[in-house]
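Whatever order the structure lists them in is the order used to number ligands and atoms, beginning at 1.
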Amino acid sequence: MSDQVVSLGGKKRSTFIDKVKELLPEGGNLSLCLTCGACSSGCPATGLDGMDPRKFLRMAALGMDEEIEKSDWPWMCTMCQRCIYVCPMKIDIPQLVFNARALRPREQRPKGILGSCDLALKNPSTSAMGATPEDFAFVVEDVLEEYREAQPEFADMQAPIDKQGAEFFVNQNSREPVTEPDELVPLWKVLHLAGVDWTYGSHGWAGENYCMFLADNDAWEHITRTTANQADKLGCKIFLNTE
Ligand code: SF4
Ligand code: SF4
């Protein structure tokens with residue numbers, strides 16, 4: 001049981017819940033909640049900051065906008081969607097959480113997520129580390145050459161960037177080329193041994209999208225379009241998202 005005390009004042013006018021009701025499927029009637037607790041029991045964020053999804057939902061339904069805005073719990077939700085799968089009423093709590101995040105002014109959102117989103121907007125790589133397309137190409141070529149030489153059984157292995165007409169467009173966690181370049185290789189080996197025709201994109205090679213977690217819709221769309229447009233431009237048939 002959580003030890004957080006929630007005090008209920010008089011009924012407040014909630015703008016949050018009105019907005020969310022328009023966005024949630026079928027009018028987002030939060031009163032459908034049976035308070036069964038199935039969402040809370042499977043949620044990895046239950047107990048953090050004294051909160052769980054059922055309690056969060058109840059606060060939203062009660063119009064406690066201020067408390068929701070101040071709570072750090074929405075930032076601890078992983079958006080895993082387990083709560084939706086187990087909810088008998090199919091209440092979309094992650095959507096509610098996403099909109100709760102947007103209640104905070106952008107500059108007051110958690111620094112780590114904010115910084116990663118801003119770095120991803122800096123150049124066409126969409127890398128949360130701010131690595132440029134040139135940096136990425138340099139690392140990929142360097143690591144590939146090293147492994148080809150050190151492991152003759154992989155002497156023909158490829159790690160193409162912007163290969164026109166490749167079947168698979170593959171993206172990549174943006175930390176690996178910067179902090180752990182050797183971690184790039186296992187996936188290359190799998191693709192090589194499976195005989196997959198694949199490519200990275202010089203634009204949009206970075207797979208994660210922190211702007212989504214930041215609840216910045218415009219930036220989220222920009223990142224997604226950058227990578228999808230590159231896959232289209234190269235004529236790839238399959239988008240393999242590794243993140
Ligand atoms: S989406 Fe969020 S609230 Fe739902 S189970 Fe996952 S972490 Fe919990
Ligand atoms: S699982 Fe659904 S119905 Fe049950 S408490 Fe959670 S939101 Fe309410």
With heavy atoms only and a cut-off of under 4.0 Å, state how M79 meets ligand 1: side chain, backbone, both or neither. backbone
The answer for which part of C83 has a heavy atom under 4.0 Å from ligand 1 is both
Which atoms of ligand 1 sit under 4.0 Å from any heavy atom of C43? 3 (S), 5 (S), 7 (S), 8 (Fe)
Which atoms of ligand 1 are found less than 4.0 Å from any heavy atom of P94? 1 (S)
Assess whether atom CZ of F239 is packed by more than 12 heavy atoms of other residues, nucleotides or ligands within 6.0 Å. yes
How far is [atom] from its nearest protein heavy atom, and which residue and atom is that?
atom	value
atom 2 (Fe) of ligand 1	C77 SG, 2.3 Å
atom 8 (Fe) of ligand 2	C33 SG, 2.4 Å
atom 1 (S) of ligand 1	Q81 N, 3.2 Å
atom 6 (Fe) of ligand 1	C80 SG, 2.3 Å
atom 3 (S) of ligand 2	L34 N, 3.3 Å
atom 7 (S) of ligand 2	L57 CD2, 3.6 Å

Same cluster or not: are I91 and V86 linked, directly or through other Ile, Leu, Val, Met, Phe, Trp or Tyr residues, by side-chain heavy atoms under 4.5 angstrom apart? no
If only side-chain N and O atoms count, and only distance matters, is there a donor-acceptor pair under 3.5 Å linking N123 with T132? no
Just which atoms of ligand 2 are under 4.0 Å from any heavy atom in C39? 1 (S), 5 (S), 6 (Fe), 7 (S)
Would C117 and C211 count as a disulfide pair, i.e. SG atoms separated by less than 2.5 Å? yes
Can you find a non-hydrogen atom of P53 under 4.0 Å from ligand 2? no
Option from F98, F213, Y210 for which ring-ring contact (aromatic ring centres under 6.0 Å, His included) with W220 holds: F98
Using 2.8 Å as a strict upper limit, say whether an N, O or S atom of C36 approaches atom 4 (Fe) of ligand 2 that closely. yes
